[in-house]
Amino acid sequence: MTAQLNPRGDVAVLVPAAGAGVRLGPGRPKALRLLAGEPLLVHAVRRLAEARSVHTIVVAAPVAEVDAVRELLAPVAPVSVVPGGAERQASVAAALAAVPAGPEIILVHDAARALTPPSLVEAVAAAVRAGRPAVIPVLPVVDTIKEVDAGEVVLGTVDRSALRAVQTPQGFLRSVLTSAHTAAGDPLTDDAGLVEKQGVPVSCVSGSEYALKITRPFDLALAEHLLASGG
Ligand code: C5P
């Protein structure tokens with residue numbers, strides 16, 4: 001039986017957490033790296049479990065760490081843990097296959113966005129509940145963006161006013177995400193990309209600076225600082 005949080009909730013959250021985290025430098029899989037003494041995954045799951053709409057959480061863990069992740073999360077929240085895949089997309093598909101009947105809203109949330117506030121989880125879920133088939137949290141792009149060639153010579157300047165930086169959790173009607181994964185071809189870096197390919201409209205809601213993706217050592221230092229300053 002799949003572990004359950006709020007039985008009245010209508011949201012299942014899939015947490016792909018099977019990445020190696022090469023860009024963080026040598027060490028344990030990224031989701032298990034420590035932030036203020038606790039693994040990133042623990043921070044992420046704790047915040048997801050605080051969101052009232054969440055009925056189920058399914059984590060896709062590194063294959064060699066499934067039992068360890070189950071033990072790690074048992075005191076944090078009732079979650080299901082499945083083995084992840086070689087690519088993020090395969091990890092999401094594995095977690096999706098483990099969602100029990102019931103929740104009709106599915107959120108996909110990177111473990112690496114460990115400080116994502118429960119309010120963003122609720123905002124994305126609410127937009128799906130209100131009738132949007134696919135919803136992503138975004139922030140405006142603040143830097144000037146250049147397109148370059150293979151030799152790092154600038155080809156042109158992109159109009160940043162029409163660009164958005166995309167975060168997770170991304171939210172979907174269950175049927176929409178299931179069809180997109182069934183039809184998936186080459187791996188993409190997010191789930192909304194698969195849904196776009198199906199011709200389904202994807203809507204944006206305001207993201208959060210706290211939902212930063214902890215990818216490089218600088219991000220980890222920034223996240224430590226945010227936590228220490230009460231973020
Ligand atoms: O590699 P990237 O930073 O895009 O990873 C985003 C998220 O996808 C991370 O939480 C990572 O653990 C997860 N992932 C996964 N399975 C993989 C690769 C990445 O679950 N094979």
Side-chain angles (χ1 to χ4, degrees), residues 12-35 38-49 51 54 56-70 72-73 76-77 79-99 106-118 120-121 124 136-139 164-172 177 180-181 184-196 207-223:
V13 190
L14 317 181
V15 186
V22 174
R23 288 167 291 182
L24 262 184
R28 301 204 68 195
K30 179 158 75 172
L32 301 177
R33 302 285 182 102
L34 299 185
L35 166 62
E38 290 185 304
L40 292 178
L41 182 59
V42 168
H43 288 276
V45 167
R46 187 181 293 129
R47 285 164 180 75
L48 290 171
V54 174
T56 301
I57 298 174
V58 183
V59 173
V63 174
E65 306 276 358
V66 171
D67 288 340
V69 167
R70 261 189 208 123
L72 179 71
L73 294 177
V76 181
V79 302
S80 300
V81 182
V82 299
E87 310 278 352
R88 180 186 180 282
Q89 195 166 298
S91 297
V92 174
L96 182 58
V99 176
I106 310 279
L107 268 50
V108 186
H109 184 51
D110 291 337
R113 297 185 190 272
L115 299 187
T116 301
L120 185 60
V121 175
V124 171
I136 57 174
V138 301
L139 291 177
R164 300 290 179 269
V166 178
Q167 304 180 320
T168 72
Q170 300 188 345
F172 307 92
L177 186 64
H181 270 271
D186 289 341
L188 298 180
T189 52
D190 80 344
D191 300 277
L194 294 179
V195 167
E196 287 155 38
S208 164
E209 303 282 3
Y210 285 93
L212 75 152
K213 183 156 97 174
I214 298 168
T215 307
R216 290 157 296 206
F218 178 83
D219 307 320
L220 202 49
L222 176 59

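All ligand and atom numbering here is 1-based and tracks the order in the structure.
- Atoms of ligand 1 found under 4.0 Å from any heavy atom of Ala17, numbered from 1 in the order shown, are 12 (O), 20 (O).
- Taking 4.0 Å as the cut-off, Lys213 counts as a neighbour of ligand 1 on heavy-atom distance.
- Under a 4.0 Å criterion applied to the non-hydrogen atoms of Ser91, ligand 1 contributes the atoms 15 (C), 16 (N), 17 (C), 20 (O), 21 (N).
- Of all non-hydrogen atoms in Phe172 and Ala192, the two that sit nearest each other are CZ-N, 3.7 Å.
- Inter-residue side-chain proximity for Pro169 and Val108 is flagged as unmet; no heavy-atom pair is nearer than 4.5 Å.
- Every atom of ligand 1 with a heavy atom of Ala112 under 4.0 Å away is listed here by number and element: 10 (O).
- Looking only at protein heavy atoms, the nearest one to atom 20 (O) of ligand 1 is Ala18 N, 2.8 Å.
- Checked by distance only, ligand 1 and Ala60 stay at 3.5 Å or farther apart across all their nitrogen or oxygen atoms.
- Among protein heavy atoms, atom 8 (O) of ligand 1 sits closest to Arg88 CG, 3.4 Å.
- Looking at heavy atoms from C-beta onward, Gln167 lies out of side-chain contact with Asp110 at the 4.5 angstrom threshold.
- Contact record, Leu120 with Gly207: CD1-CA, 4.1 Å, taken as the closest heavy-atom pair.
- Pairing each heavy atom of Arg28 with each of Arg33, the nearest pair is O-NE, 2.5 Å.
- Contacts between Ala86 and ligand 1 below 4.0 angstrom, taking non-hydrogen atoms only, involve the backbone exclusively.
- Scanning both residues, Leu188 and Gln89, for their nearest heavy atoms gives N-OE1, 2.7 Å.
- Distances shorter than 4.0 angstrom do not occur between any heavy atom of Ala31 and any atom of ligand 1.
- For the pair Pro217 and Arg23, the tightest heavy-atom approach, listed with the atom from each and the gap, is CD-O, 3.6 Å.
- Counting only non-hydrogen atoms, the option in Gly19, Pro16, Ala90, Ala44 that gets closest to atom 19 (C) of ligand 1 is Gly19.
- Ala17 and Leu41 make their closest contact through CB-CD1, 3.9 Å (heavy atoms, listed as atom of the first residue, atom of the second, distance).
- Residues Val42 and Leu73 form a side-chain contact, since some pair of their non-hydrogen atoms from C-beta on lies under 4.5 Å apart.
- Looking only at heavy atoms of the protein, atom 7 (C) of ligand 1 is closest to Asp110 OD1, 3.3 Å.
- Under a 4.0 Å criterion applied to the non-hydrogen atoms of Lys30, ligand 1 contributes the atoms 3 (O).
- At least one heavy atom of Gly85 sits closer than 4.0 Å to an atom of ligand 1.
- For atom 2 (P) of ligand 1, the nearest protein heavy atom lies under 4.0 Å away.
- Less than 4.0 angstrom separates some heavy atom of Arg23 from each of these atoms of ligand 1: 1 (O), 2 (P), 3 (O).
- One finds no salt bridge joining Arg113 and Asp219 here, because no Lys/Arg side-chain nitrogen approaches an Asp/Glu carboxylate oxygen to under 4.0 Å.
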